[in-house]
Amino acid sequence: WSGEEVAATIVTEPGAFTLHPAYPNPFNPVTNISYDVASNSLVNISVYDVLGRNMETLVNEVKVSGTYSINWNASNYSSGVYYVKMVSGESSQMQKVVLMK
């Protein structure tokens, strides 16, 4: 308007519960897992082996709406396929990650 600058702040909030692809994948020994929480809720992110055994719980706490990330350091685990599962309320998502040492 009339050639004047207008200051604005853009705030984006996640529109959906999302478990983003781990990066890097395959990895050795650390991978980053990012996720979106659409509303305040209890979030559980756990890692399972191919036999379905819970190897490690990465997150188990109430999160407010937003985008988060966590690193999984798998240096104490053997090479192979693992599954990362995120559960929040009625929603859940799972993805495969590959540890290559």
Side-chain angles (χ1 to χ4, degrees):
W1 298 295
S2 305
E4 295 180 26
E5 287 186 21
V6 177
T9 302
I10 299 173
V11 177
T12 59
E13 296 224 358
F17 162 93
T18 306
L19 177 62
H20 298 283
Y23 182 81
N25 188 20
F27 67 100
N28 178 25
V30 178
T31 189
N32 181 272
I33 299 161
S34 60
Y35 58 99
D36 296 335
V37 178
S39 61
N40 300 358
S41 60
L42 176 64
V43 174
N44 179 284
I45 299 177
S46 295
V47 179
Y48 297 87
D49 67 7
V50 293
L51 299 176
R53 294 180 294 206
N54 186 338
M55 304 305 288
E56 190 169 347
T57 298
L58 304 175
V59 176
N60 190 28
E61 61 189 53
V62 174
K63 296 285 190 179
V64 298
S65 176
T67 299
Y68 300 90
S69 68
I70 188 165
N71 287 329
W72 178 41
N73 185 336
S75 59
N76 293 330
Y77 299 101
S78 58
S79 296
V81 174
Y82 294 89
Y83 295 92
V84 176
K85 183 177 182 181
M86 176 177 166
V87 178
S88 179
E90 301 279 324
S91 302
S92 70
Q93 291 183 356
M94 184 177 284
Q95 67 177 276
K96 178 173 71 171
V97 294
V98 178
L99 171 59
M100 295 179 69
K101 289 188 172 182

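Numbers here simply count residues along the sequence, with the first being 1.
In this structure, Lys96 places its NZ atom where only 12 or fewer heavy-atom neighbours from other residues, nucleotides or ligands lie under 6.0 Å away.
Nearest heavy atoms, Asn60 versus Asn44: OD1-ND2, 3.4 Å. Heavy-atom minimum distance, Met86 versus Val37: CE-CG2, 4.4 Å. Nearest approach of Ser46 to Thr57, heavy atoms of both residues: OG-OG1, 3.4 Å. The two residues Asp49 and Tyr83 come nearest to each other via the heavy atoms O-CD1, 4.1 Å. A pairwise comparison of heavy atoms in Ala22 and Val97 identifies CB-CG1, 3.7 Å as the closest pair.
Separation of atoms CG (Leu42) and OG (Ser88) is listed at 7.0 Å; rounding is to 0.5 Å. Rounded to the nearest 0.5 Å, atoms CZ (Phe27) and NZ (Lys101) are 9.0 Å apart. Here CD1 of Ile70 is found 9.0 Å from CG of Asn32. Values are rounded to the nearest 0.5 Å. The distance from the CG atom of Leu19 to the OG atom of Ser34 is 7.5 Å, given to the nearest 0.5 Å. In this structure, OG in Ser65 is found 7.0 Å from CG in Asn40, a value given to the nearest 0.5 Å. Atom OG in Ser92 sits 12.0 Å away from atom CD1 in Ile45 (nearest 0.5 Å).
The residue from Met55, Lys85, Arg53 that alone fulfils the side-chain contact (heavy atoms from CB on, under 4.5 Å) condition with Tyr48 is Lys85.
Looking only at side-chain heavy atoms (C-beta outward), Lys63 and Tyr35 come within less than 4.5 Å of each other. Residues Pro24 and Thr31 are in side-chain contact: their nearest non-hydrogen atoms beyond the backbone lie under 4.5 Å apart.
For Asn25, there are no side chain to side chain donor-acceptor pair (under 3.5 Å) partners, not counting sequence neighbours.
Residues Phe17 and Met94 do not share a hydrophobic cluster, defined by chaining ILVMFWY side chains whose heavy atoms lie under 4.5 Å apart. Val50 and Val98 fall within a single hydrophobic cluster, where Ile, Leu, Val, Met, Phe, Trp and Tyr are joined by side-chain heavy atoms under 4.5 Å apart, directly or via other members. When the side chains of ILVMFWY residues are joined at heavy-atom separations under 4.5 Å, either directly or via intervening members, Val59 and Val87 end up in two distinct hydrophobic clusters. Met100 and Val47 fall into different hydrophobic clusters, where Ile, Leu, Val, Met, Phe, Trp and Tyr residues are linked whenever their side-chain heavy atoms come under 4.5 Å apart, directly or through other members.
In this structure, Gln93 contributes its side chain and Thr18 its backbone to no donor-acceptor pair below 3.5 Å. Counting only distance, with no hydrogens or angles, the side chain of Ser41 and the backbone of Ser39 share a donor-acceptor pair below 3.5 Å.
Below 30°, between 30° and 60°, or above 60°: for Trp72 and Tyr77 the angle between ring planes is between 30° and 60°, a tilted geometry.
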